[in-house]
Number of protein chains: 4
Amino acid sequence: MKRQQILDAAYTVFSHKGYHRATVDEIIAMADTGKGTVYNYFASKEQLFYTLVKERSAKFETELNRLAGLDEVPLIKIKKVIKVFLEFYVANADLWRVLMHEMRGLGHEESTNFTAAQREKYRERFVHTIGVLETILQAGIEQGAIRPCDVHKAAHGLFSVIVMMVFQGFVDAQADSIEANANNIADIFLYGVVAR
Amino acid sequence: MKRQQILDAAYTVFSHKGYHRATVDEIIAMADTGKGTVYNYFASKEQLFYTLVKERSAKFETELNRLAGLDEVPLIKIKKVIKVFLEFYVANADLWRVLMHEMRGLGHEESTNFTAAQREKYRERFVHTIGVLETILQAGIEQGAIRPCDVHKAAHGLFSVIVMMVFQGFVDAQADSIEANANNIADIFLYGVVAR
Amino acid sequence: MKRQQILDAAYTVFSHKGYHRATVDEIIAMADTGKGTVYNYFASKEQLFYTLVKERSAKFETELNRLAGLDEVPLIKIKKVIKVFLEFYVANADLWRVLMHEMRGLGHEESTNFTAAQREKYRERFVHTIGVLETILQAGIEQGAIRPCDVHKAAHGLFSVIVMMVFQGFVDAQADSIEANANNIADIFLYGVVAR
Amino acid sequence: MKRQQILDAAYTVFSHKGYHRATVDEIIAMADTGKGTVYNYFASKEQLFYTLVKERSAKFETELNRLAGLDEVPLIKIKKVIKVFLEFYVANADLWRVLMHEMRGLGHEESTNFTAAQREKYRERFVHTIGVLETILQAGIEQGAIRPCDVHKAAHGLFSVIVMMVFQGFVDAQADSIEANANNIADIFLYGVVAR
DNA sequence: CATGAATGAGGATTCATTCAT
DNA sequence: AATGAATGAATCCTCATTCAT
C-alpha cells in the first residue's frame, strides 16, 4: 500500500519536476510516508524511476503486442496502432518526457544520471516499441499497400510525430480527441500533404 | 576573448553533460579561465546557457527568414527549408537536445531550472521557427499546391520528424547525407507512404 | 535457539566489519531470523555486542583464574599464562580487535558508541585480566625469581606483545604454533635480547 | 590558513571521536569555516584524515631515518630510537589510536571505511617504521651485541610495547617522563625481567 | 578585468529502533 | 515468541554564487 502511494507520488513529482529536480523529500511528503520507507521498496531514486516506467508501460506493451499480432489490413492496422500510441502517451506524457530526456545520452556516457545498464534497459523498450511500427510497415510493403521505403526511418518519423502531438498538447485525453488526431496523423502519414 | 573561450567550453560541456550535470568548474577548466570571470560576463549559469543558444541560432534564424521571404514554388521551398533545418540541427544536435529538455515544461512552472521569463524567450524562438514552416505551408495551400489541413499541427509534425532524424543519428554532417535525408523526409511528408 | 543463532551471526559480522559497519540487517540475514527477534533478546546493538564479548570470554577468564591460583614456579607459570592468552586471542582475534577499538576512549567520553557504563564494564574485564599477570609477576618478585620492577607497566607490556603477535598474524591456531610463540615471547620477556 | 585551521580542527575531532563518529559538521564548526571549504582542500573526509596523518608523521619519519643512519653502538641506538618513538606517539596518541583501528583490516577488505589503496599507503608507513627497528636489531645481532632471534617479531613486540605504554597513559609529555619510560622499556627489552 | 578562496543551502542515502500483528 | 514494515535522525558531499584582492 505504501509502495503504491510512493509510486503515485513519484509519478507526480517526476512528471512535474523532471528526474533531477525531483527530490525524495518531496515524494515522501506527497506520499505521506517516511524517507526510509522509500528505500525499503526501491534501492535508489533511479530504481524508483525505473520501476515507475516499467509498471506504467506494461499494459501498453501488452496491448501493442496483441495488436501487432492481429490479422488485419495494413492501413487499418496503422490507424489502430497510432491510436494505441496516442492513448498511452496522452496518459503518460509528462513522465515520458522526462524519460526521453534521461535517455538522450545515446552516445555520451556522461549525459544522464542513469547507469549504463539502466539506460540500456530503457533503450530496449523503445527499440521494441518502434520495432512494432517497423514490422507493420514492412508487412504493408510486402502486401503492396505501402510503397517501398526505409521502414526504420519511417517508423521513427511516425513515432516522433505521435509523441510531438502529445507533448505539444495537441491531443487531450478525450476519446474523440484521440480518435480525431489519430486519423489526422494517419492521413498525412499515409497520403502526404500534397494536393491532388 | 575570454568570453568566447567560455562560450566554446560551455558549448562542449552543456552538450555532453546536459544543463544540470554541467558544472561551472568543468567549464572554466576547459576554458582555461577563472571562476569569477564567468560571472563577469554572464549573470548566471542559466544566462550563460541562454546566450549560447542565442548566438548559435542567430545565423540559422537569419537564413530561415531569408528563405521564407523568397518567391519560390511551395514544394521546392519546403524541400529547401527542410535542408536548412537539417543543417542547423545536425551542427547543434547535442546542445538543442539539452535545450529542448529544459524547455519541456511548457505547462508546468516548476519543471525546469529556468525562470519563467527565460523560458518564455526560448519558447518564442521555437514558435517563430515553426511559424516559418506554417507560413510556407499556408502559402502552399493558398496556391493550391497543398491540400487544406491544420497547418499548425502539420508544421509541428514536420518539425518533429526533422529533429528526430537528427537526434536519432540518422543524419550525419556530410552535405550529401543532409541532401538525401531532406529529400526523404520531404518525399514522405508530401506524398505519404501509401503505394499508388 | 534463535538467541544463539543471532550471537553466532553477530560474531561473524562484528568480526569482519567492526562495530560501526556491522548492520543489524546483515546479522539477521546471516542468523536467518527477523529484525524484531534481535530486539526481543537484546536491548540494542550495543547490548548484543556486549553479551557476545561476555559469553566468549567467560571460559577464558575461568581458566585464567584457575591458573593464577595454582601453586607453581613463577617462571613456569608465566609461560603457561602466556599460552592461555595466546589460545584465547588467536581464537577471538577479530572480535577483540573490534572491542579494543571501541574501548580506546579510555579518557574521552565521546570517543565510542558505547555508553560510559558499558565501557566501564569492559574496562573492568581488562583490568582484571591484566591484573592476573601483575599478580603473577609480583609473586615472582617476592620469591626472588623476578627482579623488582614496575609490575603494572611490565604486565601491560607483556599483554601488548601477546596481543600484537596475534593481531599481526604471527600466531596461527595450530597448537604447536601457539606453543612455539609462547616460548618465544616468554624467552625475550624473561631474558631480554642482549647477548651474554 | 583555512587549510591549517581545518587540519587542526580535524585533528581534535578525529582524535576524540574516531574516524566514523567524527562529522564534517563538527570539524567545520571548530575550524570556523564553511562546509564547502573543507572540500576545496580535501577531496573527502577520508582524504582529510590521510593528509592529517601524513603531515603529522613527516617530521617523525625524517628523524627516524636520520637516527637509523647514525654510526652508533647498537644498545645506545635502541634506547635513542625508543625515545624518538615515545616522543612521537605521546604527541599524537589519540590520532594514531584511530589510525590503527582503521588499519586493522589487514585481512578483511570490508572492515574499515578506507579504500584498499589508501590502506596500502598507511600500511607502507608502518612497515617502514617498524623496518627501522628491525634494521637496528639486525645490526646489533651482526655485531654480537644482540643474541640471534626473529628480528621481525622482536621489532613488532618492541613497537607494541612502546605504543601500549603511550595508549595506556603511562607516559606523559614531560621530557623526563619520556626519558624515564624509554629507559624502562629498553631495560626490560634488553635484559628481561628475570633476576640474576 | 581576472581571479579563486570561501560559502552553505540542498539532496541522496543509511540504519538502529519501534510496534502492530 | 517471532516478525518485518515503517520510520526519521544523521551524515557526506555537490556546486552555483559571491567578493576581496
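To find a chain, count down the sequence lines: A is the first, B the second, and so on, and within it residues start at 1.
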Whole Å only: how far is the [atom1] atom of [X] from the [atom2] atom of [N]?
X        : N       : atom1 : atom2 : result
Ile27(A) : dG8(F)  : CD1   : P     : 17 Å
Lys17(B) : dT14(F) : NZ    : C1'   : 13 Å
Asp25(B) : dT18(F) : CG    : C1'   : 14 Å
Asp32(A) : dA6(F)  : CG    : P     : 12 Å
Gln5(D)  : dA5(E)  : CD    : C1'   : 13 Å
Glu46(B) : dC15(F) : CD    : C1'   : 16 Å
Phe14(B) : dA16(F) : CZ    : C1'   : 11 Å
Ile28(A) : dA6(F)  : CD1   : C1'   : 12 Å

query = Any chance the rings of Phe49(D) and Phe42(D) have centres within less than 6.0 Å?
reply = no

Problem set entry | Check: Phe88(B) ring centroid to Trp96(B) ring centroid under 6.0 Å | yes

**Message:** Looking at Gln47(B), is its backbone amide N or carbonyl O close enough to the side chain of Thr51(B) to form a donor-acceptor pair, meaning the two atoms are under 3.5 Å apart?
**Reply:** yes

Could you check which of [options] has an atom nearest any side-chain atom of [X]?
X        : options                  : result
Thr37(A) : dT14(E), dT7(F), dT7(E)  : dT7(F)
Lys2(B)  : dT17(F), dA2(E), dA16(E) : dA2(E)
Thr33(B) : dT17(F), dT14(E), dT3(E) : dT3(E)

Answer for the Watson-Crick or wobble partner of dA20(F), both distances under 3.5 Å, is dT3(E)

Using Watson-Crick geometry (N1-N3 plus N6-O4 or O6-N4) or G-U wobble (N1-O2, O6-N3), each under 3.5 Å, dA9(F) is paired with dT14(E)

* Determine the contact category for Tyr41(A): base if any of its heavy atoms lies under 4.0 Å from a base atom, sugar-phosphate if only primed atoms, P, OP1 or OP2 are that close, otherwise nothing. => sugar-phosphate

- [ ] Select base, sugar-phosphate, or nothing to describe what Ala22(B) touches, counting heavy atoms under 4.0 Å on all strands.
- [x] sugar-phosphate

Exercise. Does Asn40(D) get its side chain close enough to the base of dA6(E), under 3.5 Å, for a donor-acceptor pair?
Worked result: yes

Here the gap from His20(B) atom NE2 to Tyr19(A) atom OH, rounded to the nearest 0.5 Å, amounts to 12.0 Å

CD (Glu55(D)) and OH (Tyr50(D)) are apart, to the nearest 0.5 Å, by 11.0 Å

Any side-chain N or O of Tyr39(A) less than 4.0 Å from the OP1 or OP2 oxygen of dA6(F)? no

Practice problem: Check whether any side-chain nitrogen or oxygen of Lys35(B) sits under 4.0 Å from OP1 or OP2 of dC15(F), and answer yes or no. | Solution: no

Note: for Val38(C) and Met1(A) on DNA chain F, the residue whose nearest nucleotide lies more 5' is Val38(C)

Of Gly34(A) and Thr23(D), the one whose nearest nucleotide on DNA chain F sits closer to the 5' end is Gly34(A)

The residue, Gly36(D) or Ala43(C), whose nearest nucleotide of DNA chain E is more 5′ is Gly36(D)

- Below 4.0 angstrom, N of the basic side chain to O of the carboxylate: do Glu124(B) and Lys121(B) qualify? no

